[in-house]
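This one's a predicted model, so the numbers in the text were calculated from it and none came from an experiment.
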Amino acid sequence: HIFMTEDQMETEISGVIDLFSDIYKRFYTFIYRANDVIDNIGQVPDMSTGEKQRAIAECKFLRAFAYMRLNILYKGVPLYMNAITSPENGNKARSSEADVWAAVLQDLTDCVNEPNLPGKYNSGDSNYGRVTKGAAYALRGQVYMWQKNWEAAVDDFNSVADCGFGKGTHKDLFDEL
């Protein structure tokens, strides 16, 4: 309806604010958990170094995904790249949009450079559905598109195909991922 009462408008605005607040909280939960694993996985016994490195790469991918979404929405957010261990280090100022993009790109670059992270898992593999280099290249390509760095985006999308995902349109690529 075009005409709303003041109470209806306040209810509508409150719902939108709650939505944005919920998104913010959910993505920072991702970030908190990823940082906790990244900082503490070294203490896990009975896990090979390769498995630990793969898990760190997977967590960096998830952290990059969360920061990418937050940066698209808020154009700069507080950057937490380590686990929060005290109230003092849990209250950072907002970082610039450029700083957040740089952190996202660094995490994704770490993923694609991690030798223990496979390019792709085949369906039927017990790890199918986990993070892969192909997914990291695809996400980094999207970040480059947000930055209007078209050549880097194309290079990363081509690298997705090199990881074993079929070539086709970009829509086909994202459907397969």
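One finds the CG atom of Asn149 at 10.0 Å from the CZ atom of Arg140 (value rounded to the nearest 0.5 Å). In this structure, Cys163 SG and Lys133 NZ are separated by 7.5 Å, a value rounded to the nearest 0.5 Å.
Both Met81 and Tyr24 sit in one connected hydrophobic cluster of ILVMFWY residues. Membership requires side-chain heavy atoms under 4.5 Å apart, directly or through other members. Taking hydrophobic clusters as Ile, Leu, Val, Met, Phe, Trp and Tyr residues chained together by side-chain heavy-atom distances below 4.5 Å, Ile31 does not share a cluster with Val37. One hydrophobic cluster, built from ILVMFWY side chains closer than 4.5 Å, holds both Ile23 and Val100.
Among residues two or more places apart in sequence or in another chain, the side chain to side chain contact (heavy atoms under 4.5 Å, CB included) test is passed with Ser123 by Tyr128. Applying the side chain to side chain donor-acceptor pair (under 3.5 Å) rule to Thr29 yields no partners; only residues at least two apart in sequence or on another chain are considered. Scanning for side chain to side chain contact (heavy atoms under 4.5 Å, CB included) contacts around Gln53 gives Thr49, Ile56, Glu114, Asn116, with sequence neighbours left out. With sequence neighbours excluded, no residue satisfies salt bridge (Lys or Arg N to Asp or Glu O under 4.0 Å) with Arg94. When the salt bridge (Lys or Arg N to Asp or Glu O under 4.0 Å) test is applied to Glu58, the partners found at least two apart in sequence or on another chain are Arg54, Arg130. Among residues two or more places apart in sequence or in another chain, the salt bridge (Lys or Arg N to Asp or Glu O under 4.0 Å) test is passed with Arg26 by Asp22. Partners of Lys75 according to the salt bridge (Lys or Arg N to Asp or Glu O under 4.0 Å) rule, which considers only residues two or more places apart in sequence or in another chain, are Glu97. When the side chain to side chain donor-acceptor pair (under 3.5 Å) test is applied to Gln106, the partners found at least two apart in sequence or on another chain are Asp110. Under the rule for a side chain to side chain donor-acceptor pair (under 3.5 Å), the partners of Asp36 that lie at least two apart in sequence or sit in another chain are Asn40. Residues passing the side chain to side chain contact (heavy atoms under 4.5 Å, CB included) test with Ala98 are Ser96, sequence neighbours excluded. Not counting sequence neighbours, the partners of Val143 by the side chain to side chain contact (heavy atoms under 4.5 Å, CB included) test are Met68, Trp101, Val104, Leu105, Leu108, Gln147.
Between Leu79 and Ala103 the shortest heavy-atom distance is CD2-CB, 3.8 Å. Closest of all the heavy-atom pairs between Met145 and Ala153 is CG-CB, 3.6 Å. The shortest heavy-atom contact between Lys92 and Tyr80 is N-OH, 2.7 Å. Here the closest heavy-atom approach between residue Met47 and residue Ala55 is recorded as CE-CB, 4.5 Å. Of all the heavy atoms in Val160 and Gly134, the pair that sits closest is CG2-O, 3.4 Å. Across every non-hydrogen atom of Gly141 and Asp156, the tightest pair is N-OD2, 3.6 Å.
The six-membered or imidazole ring of Phe27 lies away from that of Tyr67, with a centre-to-centre distance of 6.0 Å or more.
Atom OH of Tyr121 has more than 12 heavy atoms from other residues, nucleotides or ligands within 6.0 Å.
Annotation: side chain of Tyr137 is not in contact with side chain of Cys111 (no heavy-atom distance under 4.5 Å). Taking the side chain as every heavy atom from C-beta outward, Tyr144 and Val154 never approach each other to under 4.5 Å. Ile38 is listed as a side-chain neighbour of Lys60, based on a closest heavy-atom distance under 4.5 Å. Between Phe65 and Phe30, the closest side-chain pair of non-hydrogen atoms falls below 4.5 Å. By the 4.5 Å heavy-atom criterion applied to side chains, Val77 and Tyr28 are counted as neighbours.
Residue pairs meeting the salt bridge (Lys or Arg N to Asp or Glu O under 4.0 Å) criterion with at least one member in residues 62-71, sequence neighbours excluded: Arg63-Asp107.
Panel note: side chain Thr132, backbone Ala135; a donor-acceptor pair is recorded below 3.5 Å. Put simply, the side chain of Asn35 never gets that close to the backbone of Ile84: no donor and acceptor are under 3.5 Å apart. Asn71 places a side-chain N or O within donor-acceptor distance of the main-chain N or O of Gly76, the cut-off being under 3.5 Å.
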Residue pair Asn89, Thr85: steps toward the side chain to side chain donor-acceptor pair (under 3.5 Å) verdict: CA-CA 7 Å; Asn89 69 3; Thr85 56; 3.2 Å; yes
